[in-house]
Structure formats: structure tokens, C-alpha cells
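I have placed the structure first, in the form of C-alpha cells, so that the comments after it can refer back to it.
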Amino acid sequence: MIEVTNLTKRYGTTTAVDNLSFTVKPGIVTGFLGPNGAGKSTTMRMILGLDTPTSGTATVNGRSLRKQTAPLTELGALLEAKAVHPKRSGRNHLRALAATSGISNQRVDEVLDIVGLSDVADRQAGGFSLGMSQRLGIASALLGDPSTVMLDEPVNGLDPEGILWIRHLLKDLAAEGRTVLVSSHLMSEMALTAEHFVIIGQGRMIADVTAAELEDLSGESTVFVRTAEASRLRTLLTRDGVTVRDEGSDGLSIVGLDSGAIGRVIADQAIVVSELVNRRNSLEQTFMDLTSDAVEYSARTITQAAA
Amino acid sequence: MSPHASTHSSPHPINLTDPKEPTTMTATLNRSTTTDRDSSTDPTASPTITATGAALRTDTRVTLSRVVKSEWLKFRTVRSNTMALGGAMVAVVGFGALFASLAGSGDGPERLAENGLSLSLGGFELGHIIIAILGVALVAGEYQTGLIRTWFGAAPDRMRVLTAKVGVFGSLVFGTSLVAGVLAFLAGQALLPAEFTALTLGSAGVAQALVGAAFYMACIGVIGIGLGFLLRSTAAGAGAVVTTLFIAPIMVDLQQSSIGDTFGKLLPSYAGSAIQGMETTSAGWGTAVLLGWVIAIVGAAAVSLKRRDA
């Protein structure tokens, strides 16, 4: 379990993280989303005890990581995939990391097997592709069999097979009852794995929601109907609280009625339709809408600075 | 047991259809999470990620001796580290032997010609540069790749990491330098022309010179480690260490004044020489000055580690 309480980080006059509070619960994958520069990595660095918060706290299983006696078993983290000595082999990298906590070489072999690097583990890590480096980083996060796993943009650089693998891994980790926090700037990727979303922008909380709640934030759903009798249907549907717009000569988009209600009207009036479809804002679109203020704000400040 | 087999047989359907397609998105989000919840209560749910029996779950506390072991593993698993350390020792023995063999021939360094002991330890000068830069690079390199942050995540007590790095590199340099010094001395005795007084390891001043030379070398390595933590950059650290150890003495020598003379006695290079009994000032003075430098720089590194973000 990760608990972030009123966490703030300022660098000079820049506020990277602004009074963030959220809880990452065990048993599910939590997606940590925001545009680039939103403060995700800074937040994760504070959770890992690398950066000292200006104010507020970040704890893992009730204590700040710097006060943990066996940190690798509490929190396994991947922050930077390329954070390896280029001339040290992947296996030796893990062995040295394991040694800090008395973790055996047997466990090192085990995590190499889990991430699928067993065959290349004796090669110098500097020669690893970004995808292989991500796997090595994930292996180091799993070393201590931790109750909490925190990965910063783990999908970067992975090939489609690797992306599929990581989705399964994240779900498996959560299914085992672990706390899983994964950051990404891609909503479409997180939508496939996460059940809870923490969305930030400009260091501030934008949404701390379940998948279902996020969908509700997607705004009103639209129903699209294609029929030769578009004008007749429009008259039948137009009433208080319902907006009907023409889309081309034979299309209608309707807001304010669900597809079932529209279907009943169509059946009652025996109107022939060639298409009836629910149109939802994609989560990607919702994410963009939610974070657009944050992004626009930064664009504006750049313009102001230039002027 | 193949862990992949079981990882891939996850109960979740793989959804490869375009996530922008509206109905697909809804279906994905509304996927039942009941299976996840149920399996979390089943201890045998996934044997893949959990450590198997003896592999873990004993005692995973971070201790100083474990961090020392980890630092030692890190040092010896990168060939350029062992090559640099070995190279420094080859320089100590090789140049010591070279200076000894050239002594009295008119080609050797005249300044040292009257003392066969200091002559055969002349190779330490080159060794100092290598060890100083190696010390800086060991730490600064970890900052530059980000490796240090992985380490602080695993061993969050930064003083422990500093202590382990200083201890491992300091004792490694001391031990190897002592061996290299003895070899250089023996080679020197074998190669020095007959007009030099023959010395043995038991002769007056020899043991002090050898232990002093190794101690000075270790202090240089530790100063390098400290500067690595302070400056976090190999280039800046190497510049600082070369300036302090090698350029400052030359500047002071050029000064030719009483102030310059007093200042010169506070330099690490002078103290290192005094420890070996090769200056008019006592070895005790040399030890005090050298330790003063080590404490100041490692102390500053400790303060920086406590205050600055990693």
C-alpha cells in the first residue's frame, strides 16, 4: 500500500508536485497518468525516498521508504531502465543489488527467468536494447518479492510481445494481492490493465477514480442512427433534454436518450435503420480533455516567457 | 518449471482490437474483475513471481556488511575497475624498477638519486593519478547512469552506502598498494647500482615508507570517492582531484615565500610524503593533515548526501 499525503515538491519557484494526496491499494493495478512533465516521476522519486518532499509525506506500508529495514521486500521499483553500468552483466547487476539485502543468487536466476532474460543475462547490460533494459529493471523490482511494485513507464521501448507480457505480469502481480502502481502518459495502454486511475497535471490532482468512474467522466454518450427517414425520426425524438443533430443527409446523432429508448421509438414507428451505434468518448479523449488545461497552461506560460 | 507458460496462461482475454473502437473499449473496461479478486485469496494463484522457498523469505534486512559485499561485487564485476587498479599497481612496480635501474646512469631523476628507497617508490606518483580518478569515477559514474538511485532504493541509508564505498575502495587500494610497494622496493634493491646502500624490509624507515605510501594512496582513493559524491560528475571530480593533488604543489613551489611554504605543508601531497618519513616534518604531522583532508571531503560528501536529493 502506498499512501501519499499532501505531497508537495518545489524546486526554487517551480512547483513540480502540488499538494497531492492519494492511496494506492493492494490487489489492483493503479495507473498513474499525466502528460509529460506532470510530476509523475518526481512523485515516484519521493515515494522511493530519493527526493525529500518540500512538505507532505509518502509512505509504503505505513512507513517512509528511508525508514524501512528491508526496503526491497516492501517496494520494488523501476525508475530508469538505463540505470545500469554499461560494462556490468545483467546477472551481476542483479546479484550486487540482491547482496544489499542478503537475497540469494538463486532468486536472481528466478527473476531473470520471470522476465525472460536468462539467456542474455551474462552479456554486458550496456548492449541491451531498451526493451531488454526494461525487463532487467523489472527483474530488479521483483528481486525482493515485494508487496508493492512501482514502475515508471515500463512499456516504453517494449515490442508488442513485450507489451502483452507486461500487461499479464501487472495483472498477475495485482492478483497475488500486491500493490501495483504504474505510470504512463498513454491512456490507451493503461485502460487495458488498470482498474484505478490517478491522473495528475501540472503536479496537481485531476482525477482519482475507478475505471467505471472514469468512464462516467467521459461525458454524455452519443447515439448515432443512420436511416433514410432521418427527418421523421428527428421529429419523433426531439423533446426536452434531448439534442438531435444531423450528420449528413441520412445520419442523426442523439444526446440525452440511450440506445434502448431510441430503439423502441424506431420499432414502434417501423422505421428502417441501417446503423444504430453507441458512441462514447474514448478514454484517451477523456484523458486529453481532463489534462488539456494543464497542457494548455504550460503552452501559455512558454509563450509568455518568450514575449 | 517454465514461468512463462504460466504467465501466459492468465485468465484475462487478450484484447488486440483497436482500443479506439467504442464498443471494444466499453467491453474492456467492463471486464469482470471477480477472477482477479478470487485468485488473490488463493495462495497458489501464481507460483511465477513469488520467490520459491529457500530463494528468499529469510532475512532481507539491509546491513552494513551486506552493503559492503554489494559494493565489492560491483567493483569486481566491471573489468575497467580491476584493470585500472591493476594498472596503477603495475605503474608503481614498473616505474619504481625503471627509476632504480636508471639511477646513477645520468638518465635517472637527479632529485631522487641520493635516496634508493624513495627512488624505488617513485612509481606511486603515477599510481596516485589513476587511483584518484578511479575513485571519482566509481561514484560519479553511478550518478551519471542513475544507478545510484537504484541503490538508494535498495539501501536507503545513504551513510551506510558512503561508508561501504569508502571502506571497500580504501582497503582495496591500501592492500594492493602495500603489496605493490613491497614489490617495487625489492625490485629496486635488485636493480639499484652498487653505490646505493643496500636495504632490507627490516632496515630503518623502510616499513614506515611502505605503509605510509600505501596509506597515502588509500587516502587519495577515498578523497576521490568523496569528490565523486560531492560533484557527481567524473569530469569535474577528476579536475578537482588533479588540481588538489598535483597542480597545487607546483603552484606552491613556484611561490618561493614563507606563506607559500606554510601553505605547502598543508597540502595532501606534502603530508603523504611526510608520512613516509621523506620530509623534515614528522610523520605524525603528515598523518594529521592527510586525515584532515579525508575527513573534510568525506564529511562534506556526507552532508551533501543527507541534504541533496539523490
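What's counted below: heavy atoms across the whole structure, side chains too, no hydrogens, waters or symmetry copies. Order of the sequence lines fixes the chain letters, A, B, ..., with proteins taken first and strands second; residue numbering starts at 1 for each chain.
Contact of A/K82 with chain B is made through the backbone alone, with heavy-atom distances under 4.5 Å. With a 4.5 Å cut-off on non-hydrogen atoms, A/L79 does not touch chain B at all. A/P86 touches chain B through its side chain: at least one heavy atom from C-beta onward sits under 4.5 Å away, while N, CA, C and O do not.
Atom CE of B/M83 and atom CG of B/L134 lie 12.5 Å apart (nearest 0.5 Å). B/S177 OG to B/L85 CG: the interatomic distance, rounded to the nearest 0.5 Å, is 7.5 Å.
Among A/S101, A/A99, A/S89, the residue making the largest number of heavy-atom pairs under 4.5 Å with chain B is A/S101. Ranking A/V108, A/T52, A/L48 against chain B, the residue ahead of the rest is A/T52, based on heavy-atom pairs under 4.5 Å. Heavy-atom pairs under 4.5 Å with chain B were tallied for A/K87, A/M46, A/R88; the largest tally goes to A/R88. Of the listed residues B/V67, B/D309, B/N81, the one with more heavy-atom pairs under 4.5 angstrom with chain A than any other is B/D309. Of the listed residues (B/V68, B/L73, B/L64, B/L147), the greatest number of heavy-atom pairs within a distance under 4.5 Å of chain A belongs to B/L147. Your options are B/G141, B/A155, B/G153, B/S65, and the one with the most heavy-atom pairs under 4.5 Å with chain A is B/G153.
By the 4.0 Å N-to-carboxylate-O rule, A/R91 lies close enough to A/D109 to be salt-bridged with it.
Side-chain atoms of A/R178 and A/S147 form no donor-acceptor pair, as typed in the model, at a separation below 3.5 Å. Judged by distance alone, the side chains of A/T210 and A/E195 never bring a donor and an acceptor atom under 3.5 Å apart.
Of the candidates B/K165, B/R149, B/R232, B/K165 is the only one forming a salt bridge (Lys or Arg N to Asp or Glu O under 4.0 Å) with B/E142.
The side-chain tip of B/R158 does not point at the ring of B/W151 from less than 6.0 angstrom away and within 45° of straight on.
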